[in-house]
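Report on the structure given below.
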Amino acid sequence: MFVARGSGKPRVRLPATVAGRAIALGLAYAAISVAVLAVASLGPETGSTTFWPGAGLTVAVLLLRPRREWPALLAAVFVAELVVDVAHGFGVGPSLGYAVANCVEPLVGALLVRRFVGPEPDLRKVPDLLRFVAAAVVAGPLLGAVLGSGPPVLLDGDPWLPRLPQWFAGDGVGVLVVASFVLTRRRPGEASWKLQAAVAAGVAAVAFVVAGPWVEPARLGLEYLLIPVLVLVGARLRTGGAAAALLAASVIVETVSAASAGPFAAGGAGGGLVAGQMFLVMGCFTALVVAALTHDLVERERTEASLRAQILHDDLTGLGNRRLLDERLGHALDRLPRESGGVAVISIDLDGFKAVNDRHGHAAGDAVLVEIARRIEGTVRVGDTPARVGGDEFVVLAEHVTDPLEAAALARRLAVALSRPVRWEDRNLLISASVGLAVSGGYEAPTDLLARADQAMYRTKHAGGGATLAFSDLPPA
């Protein structure tokens, strides 16, 4: 595998061939296994293992690749597991059992996820996350724990406890943390990898302070301060940032617990690991759920904003439509008794637009409308509301007009700007605009103010249009 740099975020690319991907997975799995066994040897109970990142990596890779590649990928995992276990002094029988369990477990988890969630679950969504947890974090590791604990119990007479819960919790954490981290790398909208790396480093430091080797077991409950930190990261950085932070925190907590130190050392490396793993399951699951809920809320707000924008804006020009104009004009007139200044409405109707459509087609007409909208937006003041209210009819709402002459100057600028030819392809399209202005100094019905502006616009049109301008008299106070 190699990392390619692109738009500010690293992307993991697997080798081009199935064999290459299988070899890459096998090497990565073997390296992770060696590291985990090295951590497990830190404590007096050298048979105790920490959380198993290889389980999460295997599940993620299976979900990211088509089923026709699964036999090769699982064969690579089988060989890697068997070689590493034998090299570390485990018997051939137990090693074969471990290899089978660590292949069956991710296979079952991936199959259940494909069946009940889809080919690639979106862990930023609560339903996908919950189904993924049930399939890959609970069902798969539970089966793996039964299969993996069987050989030592049957062949060597080892007790089921704490081996069975340790395997289950360790693999569950491994899938929950590592698979979440890998799967969210492919999702857009997540925080940059630099920010995620910085936050992960900060969370690791916090974990080392509140769950480090100097924290006595069951004394202050200091380790539970890590959970709100993880939840906060999930709420702010969403699933991608939460997964990176969870991975960093898990490495610290599991390493310290494996060494029979820290807040979870009361039960030794075996019982302490189970307690630490369950603590991580609780913290990791809570943080991911919060991240998913935050994502759902943000996406819902974004969807509602997009739908509102579609409802209140013209599709072609992007200007406001009649609904937006009526809404803002009504509010502006309602505020007039409480505010100084007046409200101006500028009515605009294009001259010669029908001739452009008839001679050059609707593509040319659309180009004219878009250009006219651009000119209107470039001419009005900040805070004014330009809107397209008909085929070639536009209205500008200007609020807080302190002097009718100010509104008249804006209307003249619009008349001049809109009477220049529009360049389309290799020709100039002759367009002008008839502009009318109405100003209200007190409350009146929105329809009355719009009607007065339209009447003024029609007087301009009857006078020849172009850069001329007609005014409507102010209504009685």
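Using modelled atom types, one side-chain atom of Trp70 and one backbone atom of Arg65 make a donor-acceptor pair closer than 3.5 Å. With hydrogens and angles disregarded, a donor-acceptor distance shorter than 3.5 Å links the side chain of Ser180 to the backbone of Leu176. Under a 3.5 Å cut-off, the side chain of Ser419 and the backbone N or O of Val416 do not form any donor-acceptor pair. Although no hydrogens or angles enter the test, the distance criterion places a donor-acceptor pair under 3.5 Å between the side chain of His462 and the main chain of Tyr458. Counting only distance, with no hydrogens or angles, the side chain of Arg375 and the backbone of Arg420 share a donor-acceptor pair below 3.5 Å. In this structure a side-chain-to-backbone donor-acceptor pair under 3.5 Å is missing from Arg124 to Ala292. A side-chain donor-acceptor contact under 3.5 Å links Thr460 to the backbone of Val435. Between the side chain of Asn321 and the backbone N or O of Val389, no donor-acceptor pair lies under 3.5 Å. Proximity of a side-chain donor or acceptor of Arg381 to a complementary backbone N or O of Glu399 within less than 3.5 Å is detected.
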* Report the C-alpha separation of Glu444 and Arg452 in whole Å, then their side-chain angles, then the decisive distance to 0.1 Å, and conclude whether the salt bridge (charged side-chain N to carboxylate O under 4.0 Å, His left out) test is met. => CA-CA 11 Å; Glu444 65 178 302; Arg452 293 198 295 113; 2.7 Å; yes

* Asked: Between Arg374 and Glu377, is a salt bridge (charged side-chain N to carboxylate O under 4.0 Å, His left out) present by the stated rule, with each step listed?
  -> CA-CA 5 Å; Arg374 187 190 65 81; Glu377 286 184 306; over 6 Å; no

* Pair Glu406-Thr402, side chain to side chain donor-acceptor pair (under 3.5 Å): steps then yes or no -> CA-CA 7 Å; Glu406 178 186 359; Thr402 57; 3.2 Å; yes

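Ring pair Tyr224/Phe279 is perpendicular by interplanar angle, where above 60° counts as perpendicular and below 30° as parallel.
Asp296 has no carboxylate O lying under 4.0 Å from a charged side-chain N of Lys125, or vice versa, which leaves the two without a salt bridge. A salt bridge links Asp358 and Lys354; the closest N-O separation between the charged side-chain nitrogens and carboxylate oxygens is under 4.0 Å. Under the 4.0 Å criterion applied to side-chain N and carboxylate O atoms, Arg323 and Asp326 are not assigned as salt-bridge partners.
In this structure, Arg308 places its CZ atom where only 12 or fewer heavy-atom neighbours from other residues, nucleotides or ligands lie under 6.0 Å away.
Contact of the Met278 side chain with the Met282 side chain is not registered, since no non-hydrogen atoms from C-beta on lie closer than 4.5 Å. Taking 4.5 Å as the limit, every side-chain heavy atom of Val137 sits out of range of all side-chain heavy atoms of Phe285.
Contact detail for Leu319 and Arg388: the closest heavy-atom pair is CB-N, 4.1 Å. Closest approach of Asp351 and Ser434 over heavy atoms only: OD2-OG, 2.9 Å.
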